[in-house]
Number of protein chains: 2
Amino acid sequence: MAPVKKFRELDENLVRQKEAAFADFIQKKGLKTTRQRNTIISTFFRLRGHISVEELLNQVKQVNPRIGYATVYRTLHLLVESGLVEERRFGDGLARYEGHSDVEHHDHMICLECGEIFEFFNPRLEALQESLAEENNFQIFRHRLELYGACKDKDACQKRKARGNAAAGAE
Amino acid sequence: MAPVKKFRELDENLVRQKEAAFADFIQKKGLKTTRQRNTIISTFFRLRGHISVEELLNQVKQVNPRIGYATVYRTLHLLVESGLVEERRFGDGLARYEGHSDVEHHDHMICLECGEIFEFFNPRLEALQESLAEENNFQIFRHRLELYGACKDKDACQKRKARGNAAAGAE
DNA sequence: TGGATTACGAAAACTGTTTTCATTTTCGGC
DNA sequence: GCCGAAAATGAAAACAGTTTTCGTAATCCA
């Protein structure tokens, strides 16, 4: 079985888990379940990578064209509040949203050639940050590390570009 | 001689250097020298820390109240283009500008209590990032690391807050 | 000093996001 | 199953930060 296939299967379970967790959150907050919200969250959780509001809205509109920006924004805020989704800003002026992926916390490498965003995690890096903070009498709540540059494997980079999925998550 | 004093003196030389460098840049680009631009850049270079457009405009207006947002924005773009200034975004939605300080490259710790922004640099951290990029066949052009958290020395933190210079640069 | 070129400032435009408001939907209690 | 309070929706307006436009003014080289 190809790893990709396996990943997809796992993902589907994860998606259901998240939908359930969100339903829980909504109920605990005394909010209501609506068709639009369900459409938006299930669309979102099935998308991979770092999704902009516009990307999400486009997908959502394919299911229900009457859904507008306002509802998507509002739902994304709820998702963030629920802790199921994180908001990121990579400096191109628009917010991107990321359902927690396989790795709980991670940092990013952003290829400026093809727009691909890779995730990585390194414990030594985390530890080093902690010790630096310690030295400066600082307590870290969260951090953000982004490496901007280029895939060295230009072929792959260019291929990705050609496939037109710039800014999509690593797959 | 107090370190602060010394720093201030050094700074004044640096400011002159930068004004000259900018004048150079302007000339090489075939642009014109204007009173407004001079006011803006010399005000900017004399401010410390991570300056927002509004903060800069307020200062500038004390010298020449007729200068407006447009000119400040335009001049800041030129400063960035000249390489003398870097634009930063810390996620509060507004751009901040930073004249290169003593340390050429550095990262940031941002106190969420008092808004203070500390700069730091650590060669091991840089090296570690390089080796991680290498492992992933990635070439880093630039990076950004921000630690969000709190000064552990709450007293100092609260004092700074009381002094009302939240979000000001380390001094 | 003239005149082409660039810069200025005020206001309008623009972008991404949030809010408003009138209407519709949800859902616990009957 | 229906009522009604509470919440959600969608279209449009509002908003904040930034950029552009446009008519006027300043710069600076020949």
Side-chain angles (χ1 to χ4, degrees), chain A residues 22-44 50-82 85-97 167, chain B residues 22-44 50-82 85-97 167:
Chain A
F22 186 70
D24 248 47
F25 169 80
I26 286 297
Q27 197 181 358
K28 286 211 180 85
K29 277 210 79 175
L31 303 180
K32 291 172 179 171
T33 306
T34 69
R35 201 170 298 114
Q36 291 91 329
R37 283 220 270 249
N38 286 341
T39 301
I40 293 167
I41 68 154
S42 79
T43 302
F44 177 81
H50 305 77
I51 314 298
S52 69
V53 175
E54 200 184 354
E55 282 164 359
L56 180 55
L57 181 63
N58 286 342
Q59 290 299 313
V60 162
K61 273 193 182 298
Q62 299 193 9
V63 182
N64 178 352
R66 306 211 50 233
I67 294 178
Y69 271 103
T71 306
V72 170
Y73 273 108
R74 285 189 277 234
T75 304
L76 281 169
H77 290 326
L78 286 172
L79 280 167
V80 170
E81 199 189 332
S82 77
V85 165
E86 278 183 42
E87 181 178 312
R88 309 234 175 236
R89 286 168 184 277
F90 294 117
D92 59 353
L94 40 108
R96 292 176 181 282
Y97 295 85
Chain B
F22 186 69
D24 248 47
F25 169 80
I26 287 298
Q27 196 181 359
K28 287 211 179 85
K29 277 211 79 175
L31 303 180
K32 292 172 179 170
T33 306
T34 69
R35 202 170 299 113
Q36 292 91 329
R37 284 220 270 248
N38 286 341
T39 301
I40 292 166
I41 69 154
S42 79
T43 302
F44 177 81
H50 305 77
I51 314 297
S52 69
V53 175
E54 199 184 354
E55 282 164 0
L56 179 54
L57 180 63
N58 286 342
Q59 291 298 315
V60 162
K61 273 192 182 299
Q62 299 193 8
V63 181
N64 178 352
R66 306 211 49 234
I67 294 178
Y69 271 105
T71 305
V72 170
Y73 274 108
R74 285 189 277 233
T75 305
L76 281 169
H77 290 326
L78 287 172
L79 281 167
V80 169
E81 200 189 331
S82 77
V85 165
E86 278 183 41
E87 181 178 312
R88 309 234 175 235
R89 287 170 183 277
F90 295 117
D92 60 352
L94 40 109
R96 289 175 183 284
Y97 296 85

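In this text, all values refer to a predicted model and were calculated from it rather than measured experimentally. To find a chain, count down the sequence lines: A is the first, B the second, and so on, and within it residues start at 1.
At D/dT18, one or more side-chain N or O atoms of B/Y73 fall inside 4.0 Å of OP1 or OP2 (strictly under the cut-off). Checking the phosphate oxygens (OP1, OP2) of D/dA8, no side-chain nitrogen or oxygen of A/Q36 falls inside 4.0 Å. A/R74 has no side-chain polar atom (N or O) that falls below the 4.0 Å cut-off from OP1 or OP2 of D/dA8. The phosphate of D/dG10 (OP1 or OP2) has a side-chain N or O of A/T71 nearer than 4.0 angstrom.
When each of B/R89 and A/I26 is assigned the nucleotide of DNA chain D with its nearest heavy atom, A/I26 is the one assigned upstream, toward the 5' end. Where B/T33 and B/K61 meet DNA chain C, the nucleotide closest to each residue was compared, and B/T33 sits on the side nearer the 5' end.
Side-chain atoms of A/K32 and base atoms of D/dA6 include a donor and an acceptor less than 3.5 Å apart.
In this structure, CG of A/L57 is placed 10 Å from P of D/dG10, rounded to the nearest angstrom. What separates CG of A/N64 from P of D/dT9 is a distance of 11 Å, to the nearest Å. Atom C1' of nucleotide D/dC29 and atom CD of B/Q27 are separated by 12 Å, given to the nearest angstrom.
Listed here is the closest heavy atom pair of A/H50 and A/R96: O-NH1, 3.1 Å.
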Checklist entry - Between A/V85 and A/F44, is a side-chain contact (heavy atoms from CB on, under 4.5 Å) present by the stated rule, with each step listed? => result CA-CA 10 Å; A/V85 165; A/F44 177 81; 3.4 Å; yes
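For DNA chain C, the outermost nucleotides in 5' to 3' order that have an atom under 4.0 Å from a heavy atom of chain A are C/dG16 to C/dC27.
The line from CD1 of B/I40 to CG of B/L56 is 7.0 Å long, rounded to the nearest 0.5 Å.
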